[in-house]
Every structure is written in structure tokens, then in C-alpha cells.
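Reviewing the structure listed below.
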Amino acid sequence: MEKRDELYAGKAKSVYRTDDPQRLILHFRDDTSAFDGKKKESLARKGMVNNKFNAFIMEKLQAAGIPTHFEKLIADDECVVKNLEMIPVECVVRNVAAGGLVRRLGVEEGQALTPPTFELFLKDDAHGDPMINESLAETFGWATPEQLATMKALTFKVNDVLKQLFLDGGMLLVDYKLEFGLFDGEVMLGDEFSPDGCRLWDANTREKMDKDRFRQGLGGVIEAYEEVGRRIGITF
Ligand code: ATP
Ligand code: TYD
């Protein structure tokens, strides 16, 4: 497969066309950002760690029957994926209260959420990724009711698989964000699953092992990502 021109440079990844119009190359950069891009830093090894982390998780999800865009790793910091028509709606599931939920509702951080919650956000940096709902998504044509139902079902299926995977490694999957897209009309999981887009706490000490270490200036960001990876069997 031949790498062609850059299609898009996001905040953390660059997307390249290939000689196959149905395939893209995702290049995971060391760039890290938070607060809608207001806080930015380059963290050594991040691109490699997130690329390998994502590949491991996508393969687990695929094996559990969840359709994903992931095809193969081609470099430490690059992988081949299916070229999806991305749906601009982010799906968030929360098992434990943290982050935006605590800020918005004033509930106690760390409170278990039973049943887990499901929220939708519009992928729109210019408007701070506002929270939306099914009605808005349908009216504005961001996703059909059928696509939303599939996205919700797949997002909860991911929860079943990953909650247990992380628990087996002594960690709590607090919350996470997924992005989906269409390939030949089928809804598939796209983008990435890494500690950049989820919250993971040590199950005993509740130490933060995810991007909150960057957001809150706690240090040891990539060391924590690598520790999460090691605990679930990833070798970097
Ligand atoms: P955010 O951080 O809010 O997700 P971003 O655009 O800055 O936004 P990056 O991860 O840096 O995020 O960029 C990767 C881009 O590639 C995203 O816009 C994502 O939606 C898109 N993308 C991911 N997987 C695919 C795919 N399989 N096909 C097409 N586009 C994809
Ligand atoms: P949330 O608590 O709503 O936002 P914040 O990160 O601002 O506190 O996020 C819930 C989870 O989803 C968290 O693990 C981060 C992830 N997420 C993203 O990675 N990107 C997004 O655009 C959104 C809305 C959430």
C-alpha cells in the first residue's frame, strides 16, 4: 500500500490517503491537546503508545463482534484503516461520575453510575463540542435514528468488553468517547480508543491513569498510559 497526500491534520493524528480510495493511513503524532486545543504539548512516545494501544483494543473489539475500521499496524506510529464517512456525533458512556458530568450536574466525583449513562456530543470544535440529543441529530441530519440506535448499541457492547478487560488489569473504566462512521452504508467504530479519550482509574487507589494527568498537570502522562497497556497485556 502506498501512502499519498495528507487529507487532514487533526489535533493528535494526521490522516493520509493511499493508492486505495477505500483505505487511509492514520499517523499518531506526539501532540497532545486539551480544553478544545487551548492546552498543547508534545509528549515523547505518545504517538507510538496510542497507536499500539488502539490497535490492541480495536482487535479485541473486532473479535467480540464489533465492526471497526482497523485493518493493520504498518509502523510504530501508523496504521491502515477503512476510509469511513465519519458521523459528526460522539458517543460517551460513563460508569463512574467524573469530568464534564460532575461540572455540569454537581454530582460527586467517583459516584458509581447504575445503569451507566449515554450522552451525545456534536463534533464541532468551534462550538466546544456541545452536548446534543437524538432529536437534534435527526433534525439537523447529523445521523439517522437507525444509525443512532446502532451507535448506542455498539457503544454499550464496547462497555461490556472493555470494562472487564480493564478490571482484569486492576482498573476502572470510568468513561469513554467513541466515534463512528459509515463504510458501504454500515456503521463502524472509527477513530481511536486510547487513554486520550477515556478515563481509567486504578481500582484500589483510584489514581488517574489517563489524559486527566495531562489536563490537571499531574505529570507522568505517557508513563501512566504505558502502565495501563502493560496491565492489559500490551508490549510497547
Ligand atoms: P478530536 O480530537 O476532537 O477527535 P481532531 O480532528 O483534532 O478532533 P484527530 O484524532 O487529531 O482529531 O484527527 C483524526 C481525524 O480523523 C478525526 O477528525 C477523525 O474523525 C477522523 N477519522 C478517524 N478515523 C477515520 C476513518 N476511518 N475514516 C475517516 N476519518 C477518520
Ligand atoms: P467529559 O467528562 O464529558 O468531558 P471532559 O473531558 O471535558 O471532562 O468526557 C467524557 C469522556 O469522553 C472523557 O473520557 C473524555 C472523552 N471525550 C473526548 O475524548 N472528547 C470529546 O470531545 C468528549 C466530549 C469526550
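No hydrogens, no waters, no symmetry mates; every other heavy atom, side chains included, goes into these values. Ligands are counted one by one from 1 in listed order, and the atoms in each one are counted from 1 as well.
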Examine L84 against ligand 1 and note whether any of their N/O atoms are separated by less than 3.5 Å. yes
Would you check, one step at a time, whether the test salt bridge (charged side-chain N to carboxylate O under 4.0 Å, His left out) holds for K157 with D160? CA-CA 5 Å; K157 197 162 175 190; D160 292 339; over 6 Å; no
Do you see a donor-acceptor pair shorter than 3.5 Å between the side chains of E41 and T32? no
Nearest non-hydrogen atom to atom 9 (O) of ligand 2 belongs to which of R103, R199, M131? R199
Donor-acceptor under 3.5 Å (N159 side chain, L154 main chain): no
Below 4.0 Å, non-hydrogen atoms only: which portion of K11 touches ligand 1? Side chain, backbone, both or neither. both
Numbered in order shown, the ligand 2 atoms found under 4.0 Å of a heavy atom of C198 are 14 (O)
Against heavy atoms of V81, which atoms of ligand 1 measure under 4.0 Å? 27 (N)
Rounded distance [0.5 Å steps], CE in M86 versus CD in E179: 4.5 Å
Number the atoms of ligand 2 from 1 as they appear, then name those within less than 4.0 Å of a heavy atom of R215, with their elements. 6 (O), 15 (C)
Would E119 count as a contact residue for ligand 2, given that I'm defining contact as a non-hydrogen atom of the residue lying under 4.0 Å from a ligand atom? no
Taking the cut-offs as 6.0 angstrom to the six-membered ring centre and 45 degrees off its axis, would you call K46 and F28 a cation-pi pair? no
